Amino acid sequence: MIDAQELVADLTEPQREAVRHVDGPLLIIAGAGSGKTRVLTRRVAHLVSQGIPASSILAITFTNKAAGEMKQRIEKLLGRGIRDFGRLDQPWPTICTFHSLCLRILRHYAPQIGLANNFSIYDSSDQNKVIKDALKTLELSTTNFPPGTVHAKISNAKNQLISPADFTRSAGDFYSKTVARVYEKYQKLLAASNALDFDDLLLRAVQAFRDQPTVLKEMQERFSYILIDEYQDTNRAQYVLAHVLAQRHKNICVVGDPDQSIYAWRGADIRNIMEFEQDYPDAKVVRLEQNYRSTKTILSIASKLIAHNRQRKDKSLWTENDQGEKATLFLAGDEHDEAHAVTQRLKELKDKHGYSWNQVAVFYRMNSLSRVMEDALRKENVPYYIARGVEFYNRKEIKDVLAYLRVVANPSDEVSLERVANTPARGISDGTMKQFATYAVGNATSLWGALCDAEKISGLNARAIKACKGFVEQVIGWRRMAFDDGEEAAVAADMFTKSKGRVTKLMEAVVRQSGLEDFYKKAGGEEQDELGNINELISSAAEYDSGNPDGSVVDYLAQVSLVSDTDALRDNGGAVTMMTLHAAKGLEFPVVAMIGLEEGCLPHARARGNPEELEEERRLCFVGITRAQEKLIISKAAYRTIRGLRERTVASPFLNEMSQQDLQVIDRTGVESFSEGDEDGYIRQRMEAESERLGGQFKRGQLVRHKMFGLGRVAEITPMGSQTRAIIEFNTAGSKTLILEYAKLEAVG
DNA sequence: GTCTTGGATATTTTT
DNA sequence: TATCCAAGAC
């Protein structure tokens, strides 16, 4: 049995209060670094110690990673394992993401809700494809209606539980009306593919609660204690879901920090946390304000900054940690100088202060800022690792394999079918596919149905028909294999859940028989990356099989769809970690460097003129600072090259908002003289090197060739660093001044 | 069916 | 600048 006393023994008073609270609504305002996860996990254990059945506890997080961590820590506290099969009927606490919870609900109640339970889950690239298809059928140009923008609008609507009908009703202007049409079409296409997108998972679960009283009642009974982490980042759909679920028992505990809300652009609504006490007037409120992470100095910088936000709950972070040293603020000449300065400082911290590389992180607002920083680190032989957004599951070869499985599991899945039909090339051309699409529409069948009817379609040549038949037979064979079905391909929905842990075998068969293996063997050449990745996928399937003895392809696919591998932000093995500020949330590092503190960068240009967005940028900056435990480095560059344009920058307003006495400013620009052309030595050196690199190969009188202007002779070279120019007298085009970096001149002779 | 090329585009990205 | 994509060339 768990000892309740022991659970709170090493906690502070407010932490204890939060852990010990059992019944009724609870709001925990958890400042940065205040031991939030500790409180959450202890609270779960404490509930169990009070005799509450573990299975009635639901803890919701935003990322799989957070769920995984919480699971581990709770396992430790409870002294027993939590085996999560992704289902609703488990004898232990359910600790998962919002999306995973909804998926479980939808799968469990699929028949009642009117869903086939083998539905595909479309990720953002699938979604994008469907949006494009919708635009095409509606004959809308992608120039006037960029798929990304349209999709964002639709996604936003879904997150606010706005149906296509609602959207149409409230659409005033032409643009919104058009988006409404796309939204409607998009939903139809998804339905035809028997697919849900990420947003649908939430939306459909909320709808199920609304329309199916028994579903709601069962879930309310099932989950009588609810905890929600990162509550400041919930959107409308998540908000409604949580509150409807909690309505019966009102045992809802939310944890969050309004100052760390950085996903408004994705539909997160900071009001959810700001107004919790209005939603539950009898809510107990606990504030965790003691920070265990950072030095007094770092905390002071962060606090002073965030105090400039108006939309926030007043909160004062404090710490018993050391004062610590002042933060370093580099005012650099340009981005190269900035990267150089930061790198030197990091090296100094390692050499003179005993930090190791994996204690160091570099944050930036945009991925594009990483490049220059990488170059500088590489030049100094500093190992680094970029926590990227491009994930394993987004790789082409992985998507190919999974698309095959999806077609096997869900024949209606058009996005996957289209992807796979001719990958690798097997003689089913685009034209052929178009004919199938037309046939499908004309004969009220699916794309898959059309493929099956290949020989009935006039205008297809014998070769195409043969290719299609071969493909169809293959898929049917795999389907048999997947579902252990002796009969002809199963269509009955419940057939799809009966296969027996054979995902690995199926995947291997698909990879080999489809020709993907041979294709990547050949295509690979010197780089066999693709095959390696496919093998990695196969071993992940094997892992799934062994953990889920009676799992199925459908199950496997569902699970895989909700996993992005930022979750695998693993141990970086002795390297500096580089990531965006968004990716940094929830992490901590002894040494943190934040680069690009400039107007237009942080705060980002898109936030200009919008006070609310500016506040979000400020919170982003706050999140960055509060990741630092001991040393903080901040930098800005006086000049920065963005998209090939070198521009004078303006310092970020946030710099002035930080507590100045906590900053040690190192000015590398020599601002007065800089503008007069007498650059800092480092910059001058770099300019000279650039001039040499670009202009060195050309001499006056030299014969050169230009792609457009043809042959010419060099009349003059003007060394100007990366802007180094040459005047060329062309034989036919006359005299031109060209910037060598872009002109790509070719020396002749 | 694959390669080339011009044109548009350019934050952040838990699921 | 770099990257991605659709359309056209071979």
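This structure is a prediction, so every number in the text was calculated from the model and none was measured. Lettering of chains follows the sequences in order, A, B, ..., and the numbering in each one begins at 1.
Legend: residues meeting side chain to side chain contact (heavy atoms under 4.5 Å, CB included) with A/Glu374, ordered by chain and number and at least two apart, are A/Ser370, A/Arg378, A/Tyr384, A/Ile386, A/Met578. With sequence neighbours excluded, the residues satisfying salt bridge (charged side-chain N to carboxylate O under 4.0 Å, His left out) with A/Lys396 are A/Asp400. Checked against salt bridge (charged side-chain N to carboxylate O under 4.0 Å, His left out), A/Glu613 has no partners two or more places apart in sequence or in another chain. For A/Glu414, the side chain to side chain contact (heavy atoms under 4.5 Å, CB included) partners are A/Ser193, A/Glu418, A/Leu447, not counting sequence neighbours. Checked against side chain to side chain contact (heavy atoms under 4.5 Å, CB included), A/Asn422 has the following partners two or more places apart in sequence or in another chain: A/Ala425, A/Arg426, A/Ile428. Residues passing the side-chain hydrogen bond (donor to acceptor under 3.5 Å, both in side chains) test with A/Ser635 are A/Glu338, sequence neighbours excluded.
Comparing B/dT13, B/dT14, B/dT15 against the side chain of A/Asp233 picks out B/dT14 as the nearest. Between B/dT15, C/dA2, B/dT13, one nucleotide has an atom nearer to the side chain of A/Thr580 than all others, and that is B/dT13. Side-chain proximity of A/Phe198 to the nucleotides B/dT15, B/dT11, B/dT13 is greatest for B/dT15. Between B/dT15, B/dT13, B/dT11, one nucleotide has an atom nearer to the side chain of A/Arg365 than all others, and that is B/dT11.
Computed from coordinates, the A/His582 NE2 to B/dT15 P distance equals 14 Å when rounded to whole Å. Going from atom CD of A/Glu335 over to atom C1' of C/dT1 covers 12 Å, rounded to whole Å. Whole-Å rounding puts the A/Ile262 CD1 to B/dT13 P distance at 9 Å. Summarising the geometry, the separation between CG on A/Leu106 and C1' on B/dT15 is reported as 14 Å, rounded to the nearest angstrom. Note: NZ (A/Lys396) to P (C/dC4) measures 14 Å, nearest angstrom. Rounded to whole Å, the distance from CE on A/Met579 to P on B/dT14 is 12 Å. The interatomic distance linking A/Leu581 (CG) with B/dT13 (P) rounds to 10 Å, in whole Å. In this structure, CD of A/Glu230 is placed 12 Å from P of B/dT15, rounded to the nearest angstrom.
The phosphate of B/dT14 (OP1 or OP2) has no side-chain N or O of A/Asn64 nearer than 4.0 angstrom. Dashed line: the shortest gap from a side-chain N or O of A/Ser124 to OP1 or OP2 of B/dT13 is not under 4.0 Å. The side chain of A/Asn235 contributes no N or O atom lying less than 4.0 Å from OP1 or OP2 of B/dT15.
Side chains of A/Lys399 and A/Ser125: a donor-acceptor N/O pair is present below 3.5 angstrom, by distance only.
Within the structure, the side-chain hydrogen bond (donor to acceptor under 3.5 Å, both in side chains) test picks out the following pairs touching residues 618-627 of chain A (sequence neighbours left out): A/Gln260-A/Arg627, A/Asn309-A/Arg618, A/Glu616-A/Arg619, A/Arg618-A/Glu657. Residue pairs meeting the salt bridge (Lys or Arg N to Asp or Glu O under 4.0 Å) criterion with at least one partner in residues 259-268 of chain A, sequence neighbours excluded, are A/Asp259-A/Arg312, A/Asp259-A/Lys315. Listed by first and then second residue, the salt bridge (Lys or Arg N to Asp or Glu O under 4.0 Å) pairs involving residues 134-160 of chain A are A/Lys158-A/Asp197, A/Lys158-A/Asp200 (not counting sequence neighbours).
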Polar atom pairs between nucleotides 6-9 of chain C and protein, under 3.5 Å, N or O only, would you list them?
from: C/dA6; atom 1: OP1; to: A/Lys132; atom 2: NZ; distance (Å): 3.2

Expected rows: protein N/O vs nucleotides 8-10 of chain B N/O, under 3.5 Å:
from: B/dA10; atom 1: N7; to: A/Arg643; atom 2: NH1; distance (Å): 3.4

Could you list all N or O pairs between the protein and nucleotides 1-4 of chain B that sit under 3.5 Å apart?
from: B/dG1; atom 1: OP1; to: A/Asn422; atom 2: ND2; distance (Å): 3.1

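When the C1' atom is used for both B/dT11 and C/dA6, the distance is 25 Å, rounded to whole Å. Here, B/dT13 and C/dC4 have their P atoms 16 Å apart, quoted to the whole Å.
Sparse packing is recorded around CD of A/Glu612, with 12 or fewer heavy atoms of other residues, nucleotides or ligands lying under 6.0 Å away.
Centroid-to-centroid, the aromatic rings of A/Tyr122 and A/Phe198 stay 6.0 Å apart or farther. Aromatic ring centroids of A/His582 and A/Trp265 lie under 6.0 Å apart.
Nucleic acid contact class of A/Tyr263 (heavy atoms, under 4.0 Å, all strands): base. The residue A/Gln238 sits apart from the nucleic acid: no heavy atom pair falls under 4.0 Å.
B/dT12 shows a glycosidic angle more than 90° from 0 and is accordingly assigned anti.
Of the residues near DNA chain B, A/Phe62 and A/Ala607, the one whose nearest nucleotide (by heavy atom distance) lies more toward the 5' end is A/Ala607.
Below the 3.5 angstrom threshold, one finds no donor paired with an acceptor across the side chain of A/Arg371 and the base of C/dT1.
Where stacking is scored as ring centres under 5.5 Å apart with planes under 30°, A/His604 registers as stacked on the base of B/dT11.
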